Amino acid sequence: MDANSMKVTRNDGEWIWINGKTMPLADARIGVEDRGFLFADGVYEAMRLYRGRPFGVKEHLERLERSAAAIDLALPCCRDTMAQEIQRLADRSELTDGLVYLQITRGCSVRNHLFPDPSTVPPTLLFYTRPLAPLPAPGEGAGISLLSVPDERWKRCQIKTIALLPNVLAKNKAAAAGADEAVFVEDGHVNECSTSNLFAVVGKTLVTHPLTNKVLPGITRAIVLEIAASVGVGVQERPMREDEAKSADEVFITSSTRELVWVESWDGQRVGKGRCGDVTRRLHQAYVERVREEVLPHVAVA
Ligand code: PDD
C-alpha cells in the first residue's frame, strides 16, 4: 500500500473543504492570525448526516446567512453552491452517519479589532465531516441529567457564533457535577441548554422558550414545534420558571446531532416518571419519520 492510499484509509470519513480545496481533515491548516482564532470572529453550523445526506441543509444555511448578516460578514458564495459542495464532501467521506461542521470567520489578517477590508481579506470558510454513531430509536436511549447554571452569556444568543466560552464552561461545570448538560437559568427562568434547546411537557402542553435574544433558534426546535402542531399537541412558546420546568411531566432537549433526548434528572432530582414520556416519544418518532422522508429519495436513486 502506498503512502497516499494509506492516508485515505486512515481518514475514516474525516474530510474537509477549506476555501475551495478538499483534503483529509488532518491536513488542513489555518493561519495563526485568523480572526476566528484570535477574536472568535465567526459563525458556524452543525448538521447531521443520515444515509450520507445532511439533514435540514436548507434551514441550516438560511440560519448561517442570518448569523453572518448579524455580525456584518458577507458569505463568499450562495447557499445553493454551499449545499452542493457540502453534499459532494459528504459523498467523498462515504459516511452514512456523521457530522458536518461548517464555520466561517472574517479571515486572516494583522491583528486589529477593526474589521479588515473584505476586498483584500477574504473570509475563511470551511466545512468538514466526521463519523457519528447512529442514534437510539425513540424511547430506547438512556435519559440524561441536567444541572442548572447561571446564564452568563452575552445578549445576542440568537446568533450562532463560535464564541462559545460560556457554553464550554457551563458544560464542564455540569460534567464536573456528574451531569450531562447544563441549563442556563436567568432571573428564575430557564432559557436553553449549553448545546441544545429545552422543552417541557406541562399537562398536555409542550412549552419552550420563545425565539428571543436568549436562545438559539434551533433547527430541531422548529421541526419539533411544527410536528407538535400537526399531531395535535398544544404548544406554548413562553419563558418558564425553573421550578415549573423541573416539576413538568416530561422534559427533553433537542439538537441536530442528538435529535430529542429525554431528561431523567435535574439537579439530582428525578424528572417526571424517570422514563421517556409518551409525548416525547411520539414527537421523536415523528421527527425520525421526517428525517427518513427527506433522506429517502436520495437512497431510491442511488
Ligand atoms: N448545538 N442551543 C445551543 C446553545 C446550541 O449550541 C445548539 C446546537 C442548539 C440546538 O440547535 P439545532 O437544533 O439547530 O442543532 C440550541 C450544536 C449541535 C453544537 O454546538 O454542536
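The figures here come from the full heavy-atom set of this structure, side chains too, leaving out hydrogens, waters and symmetry mates. In each ligand, atom 1 is the first atom listed, and ligand 1 is the first ligand listed. These figures come from a predicted structure and were not determined experimentally.
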Original post:
Within the side chain of Ser67, is there an N or O that forms a donor-acceptor pair under 3.5 Å with the backbone of Lys160?
Top reply: yes
Original post:
Centres of the Tyr101 and Tyr44 rings: under 6.0 Å?
Top reply: yes
Original post:
What residues come within 4.0 Å of ligand 1, counting heavy atoms only?
Top reply: Tyr44, Arg63, Lys160, Asn167, Glu192, Cys193, Ser194, Thr195, Ser196, Asn197, Leu216, Gly218, Ile219, Thr220, Thr254, Ser255, Ser256, Thr257
Subject >> Salt bridge Glu181-Lys171, side-chain N to carboxylate O under 4.0 Å >> reply: yes
Subject >> Minimum-distance pair of heavy atoms, taken over all atoms of Thr124 and Cys108 >> reply: OG1-N, 4.4 Å
Original post:
Could you give all pairs that pass the ring pair (Phe, Tyr, Trp, His ring centres under 6.0 Å) test and reach residues 197-232, with sequence neighbours left out?
Top reply: Phe199-Phe252
**OP:** Check for a donor-acceptor pair, side chain of Arg63 on one end and backbone N or O of Pro217 on the other, with a separation under 3.5 Å.
**Re:** yes
